[in-house]
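The analysis underlying the following values was restricted to heavy atoms, covering all of them including side chains, and did not include hydrogens, waters or symmetry mates. For reference, positions follow the sequence shown, starting with 1.
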Amino acid sequence: MTAPRHDVLRKHYEACLQAHGDSHLGVNWPRREDADKRHEVMLDLVAPDPAGPVTLLDFGCGASHFYEYIQAQGRTDVVYAGLDISDQFCALSQRKFPDNVYYCQDFLEPAAQLPEFDYIVLNGVFTAKSTLTFDEMWEFCQRLLTKLYPHARRGLAFNAMSKHVDWERDELFHLPYDLMANFVRNNLTRRHTIRSDYGLYDYTVYLYR
């Protein structure tokens with residue numbers, strides 16, 4: 001059976017893990033402080049709920065660094081679960097946090113199933129395209145968001161590289177605002193926010209119910 005074209009992304013991140021271990025470099029973020037800023041922006045989606053804990057799926061969880069950030073912020077109101085396409089990252093995360101639920105699957109496979117969560121975040125899933133073409137990566141992005149968004153009861157966040165940069169890198173996914181916003185508005189929700197106020201070369205989109 002032929003592997004799906006987006007499997008090159010799994011191979012890319014597993015190569016980072018093998019080269020750099022359990023670190024920000026191991027999930028392809030060049031600077032630790034920038035990685036934490038992205039975690040902060042993702043967590044901003046999740047409003048505290050006086051009614052009790054909320055559930056969150058970290059889609060493309062890697063080594064569960066977002067969970068570590070949530071813990072460091074003292075957010076005991078977030079019930080975390082992770083999903084990754086990589087057996088290596090799933091095994092690493094499960095060893096680190098045996099009490100967490102992890103889903104190891106390619107969610108675009110027809111048989112893949114997930115429950116609903118209050119919030120879903122995709123941090124870094126759409127930032128690097130490796131050897132995929134822009135069109136291949138854009139198709140992957142649309143297919144995944146279309147299938148995943150119905151599983152978010154309250155909101156979903158994802159990021160992509162901006163086109164408003166000093167230069168573009170061929171291996172990164174520089175997604176124009178207008179292209180992204182037209183897809184979101186026409187296929188997912190009119191209730192969305194685009195954030196580019198945090199000083200990095202990517203932007204984050206919040207989708208709300």
Peer 1: Between Y13 and S130, does any side-chain donor sit less than 3.5 Å from a side-chain acceptor?
Peer 2: no
Peer 1: Is the closest side-chain donor-acceptor distance between S23 and R32 under 3.5 Å?
Peer 2: no
Peer 1: Taking atom CG of L122 and atom CG of L57, what is their separation to the nearest 0.5 Å?
Peer 2: 8.0 Å
Peer 1: Do E136 and K129 sit within salt-bridge range, that is, some charged N less than 4.0 Å from a carboxylate O?
Peer 2: no
Peer 1: Over all heavy atoms of both residues, which pair between D202 and A160 is shortest? Give the atoms and the distance, please.
Peer 2: CB-O, 3.1 Å
Peer 1: Evaluate the ring planes of Y67 and Y80, with Trp represented by its six-membered ring, and classify them as parallel (under 30°), tilted (30 to 60°) or perpendicular (over 60°).
Peer 2: tilted
Peer 1: Kindly determine whether T55 and R153 satisfy side-chain hydrogen bond (donor to acceptor under 3.5 Å, both in side chains), including the steps that lead there.
Peer 2: CA-CA 10 Å; T55 57; R153 285 187 290 257; 3.3 Å; yes
Peer 1: Quick one, I70 and L43 - any side-chain contact, counting heavy atoms below 4.5 Å?
Peer 2: yes
Peer 1: Which atoms form the tightest heavy-atom contact between L156 and F158, and what is the distance?
Peer 2: CD2-CD2, 3.9 Å
Peer 1: Search all heavy atoms of Y119 against all heavy atoms of A47 and return the closest pair with its distance.
Peer 2: OH-N, 3.8 Å
Peer 1: So that I can tick it off, tell me whether K37 and D34 are bridged by a salt bridge, with the cut-off set at under 4.0 angstrom between side-chain N and carboxylate O.
Peer 2: no
Peer 1: Between K96 and D22, is the closest basic N to carboxylate O distance under 4.0 Å?
Peer 2: yes
Peer 1: Quick one: pull up OH in Y201 and OG1 in T127 and give me the separation to the nearest 0.5 Å.
Peer 2: 15.5 Å
Peer 1: To the nearest 0.5 Å, what is the distance between CG on L92 and SG on C61?
Peer 2: 9.0 Å
Peer 1: Verify, without hydrogens or angle tests, whether H151 (side chain) and F117 (backbone) share a donor-acceptor contact under 3.5 angstrom.
Peer 2: no
Peer 1: Which atoms form the tightest heavy-atom contact between A63 and V27, and what is the distance?
Peer 2: N-CG1, 4.2 Å
Peer 1: Ignoring hydrogens, what is the shortest heavy-atom contact between A152 and G155? Give both atom names and the distance.
Peer 2: CB-O, 3.5 Å
Peer 1: Over 60° means perpendicular and under 30° means parallel, so tell me whether F59 and F107 are parallel, tilted or perpendicular.
Peer 2: perpendicular
Peer 1: Please check: side-chain N/O of H24 versus main-chain N/O of W29, any donor-acceptor pairing under 3.5 Å?
Peer 2: yes
Peer 1: Can you pull the salt bridge (Lys or Arg N to Asp or Glu O under 4.0 Å) pairs that have at least one residue in residues 174-189, sequence neighbours excluded?
Peer 2: none
Peer 1: Going by the angle between their ring planes, with limits at 30° and 60°, are Y208 and Y206 parallel, tilted or perpendicular?
Peer 2: perpendicular
Peer 1: Got a salt bridge between E14 and R10, using NZ or NE/NH1/NH2 to carboxylate O under 4.0 Å?
Peer 2: yes
Peer 1: State whether a side-chain donor-acceptor pair under 3.5 Å links N159 with N123.
Peer 2: yes
Peer 1: Mind checking the CG-OG spacing from D58 to S64? Nearest 0.5 Å is all I need.
Peer 2: 6.5 Å
Peer 1: Please assess Y203 against R195 for the test side-chain hydrogen bond (donor to acceptor under 3.5 Å, both in side chains), listing each intermediate value before the final yes or no.
Peer 2: CA-CA 6 Å; Y203 63 91; R195 280 194 63 178; over 6 Å; no
Peer 1: So does R169 have more than 12 non-hydrogen atoms from other groups sitting under 6.0 Å from CZ?
Peer 2: no
Peer 1: Nearest heavy-atom pair of D87 and C104: which atoms, and what distance?
Peer 2: OD1-SG, 3.0 Å
Peer 1: Any chain of hydrophobic side-chain contacts (each under 4.5 Å) joining F97 to F66?
Peer 2: yes
Peer 1: Testing Y177, Y149, W138 one by one against F183 for a ring pair (Phe, Tyr, Trp, His ring centres under 6.0 Å), which residue passes?
Peer 2: W138
